[in-house]
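What follows is a short report on a single structure.
Hydrogens, waters and symmetry mates play no part in the numbers below; they use all other heavy atoms, side chains included.
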Amino acid sequence: MRLNREIINLPNLVTFLRLGILPFVLLSLSAEKKTLALILLLITWFTDVFDGVLARKLSQSTRFGKILDPLVDKICLGTLVIFLILKRNFPLWAAIVVISRDLLILSSGLFLLKKTKIVPTSNLFGKVTMVFLAAMATAYAMEWYPLNQILLVVSLLMVGVSSISYSVYFLLYRI
């Protein structure tokens, strides 16, 4: 029974909803249905905040959810960034920076989990970075020039700051 409650609870269902919306975001963008795409993107980013609030309010924070939420964040952002490279002139070098950071955080987190049984959670810098990355990806998807380029610069600065903060965190655990 514990496994079922660990996986199947309202916050995790909201997280899975975020993943389920992703193909519709991409289809809407491909069909140039920008209003629909924007609504779906806003729902996607909103559910990223909402699942955590639900988990805390309902006392349904689980190890599985702590792993699932950032994984789904990275899948959604990475998939969207790849789409933006192909369809919206998103710079390849910036995509490499964003995706590499996420892969490094994921692999370090998995290593920490295996080594210490601790599930690492996002810190303030990581959460703020995700907000800027989501805003930047949305601005690129909607082709909001020059806002998208301004948000790209701010997002990459935040990627640097959050990367340093995560490095310090992981070094404290001697990874």
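Residues meeting the side-chain hydrogen bond (donor to acceptor under 3.5 Å, both in side chains) test with T62, sequence neighbours left out: none. Residues meeting the side-chain hydrogen bond (donor to acceptor under 3.5 Å, both in side chains) test with D69, sequence neighbours left out: R18. With sequence neighbours excluded, the residues forming a salt bridge (Lys or Arg N to Asp or Glu O under 4.0 Å) with K34 are E143, listed by chain and number.
Side-chain contact between N9 and L54 is absent, with no heavy atoms from C-beta onward closer than 4.5 Å. Within the 4.5 Å cutoff, no side-chain heavy atoms of D73 are placed close to those of L77. Contact of the L80 side chain with the L41 side chain is registered, since non-hydrogen atoms from C-beta on lie closer than 4.5 Å. Side chains of S30 and F83 form a contact here, defined as non-hydrogen atoms less than 4.5 Å apart. Within the 4.5 Å cutoff, no side-chain heavy atoms of N12 are placed close to those of D51. W144 places a side-chain heavy atom less than 4.5 Å from the side chain of T138.
Clustering ILVMFWY residues whenever any of their side-chain heavy atoms sit less than 4.5 angstrom apart, transitively, puts M136 in the very cluster that holds L86. When the side chains of ILVMFWY residues are joined at heavy-atom separations under 4.5 Å, either directly or via intervening members, V131 and I43 end up in two distinct hydrophobic clusters. V72 and L13 are members of different hydrophobic clusters when ILVMFWY side chains are connected at heavy-atom separations under 4.5 Å.
Across every non-hydrogen atom of L29 and M142, the tightest pair is CD2-CE, 3.6 Å.
Using cut-offs of 30° and 60° on the angle between ring planes, the pair F16 and F64 is tilted.
Distance alone, capped at 3.5 Å, places no donor-acceptor pair between the S59 side chain and the A55 backbone.
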Output a table of donor-acceptor pairs, distance under 3.5 Å, between side-chain atoms of residues 149-162 and any protein atom two or more places apart or on a different chain; print 'none' if there are none.
unit_1 : atom_1 : unit_2 : atom_2 : d
S155   : OG     : F132   : O      : 3.0
S155   : OG     : L151   : O      : 2.7
S162   : OG     : R101   : NE     : 3.0
S162   : OG     : R101   : NH2    : 3.1
S162   : OG     : T129   : OG1    : 3.4
S162   : OG     : M158   : O      : 3.1
S162   : OG     : V159   : O      : 3.2

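Applying the side chain to side chain donor-acceptor pair (under 3.5 Å) test to every pair with at least one member in residues 85-96, sequence neighbours left out, gives these pairs: E32-R88.
Each of L40, I21, L38 was evaluated against S28; a single residue qualifies, L40, per the side chain to side chain contact (heavy atoms under 4.5 Å, CB included) test.
Through side-chain heavy atoms spaced under 4.5 Å, either directly or across other Ile, Leu, Val, Met, Phe, Trp or Tyr residues, I67 is tied to L113, V119.
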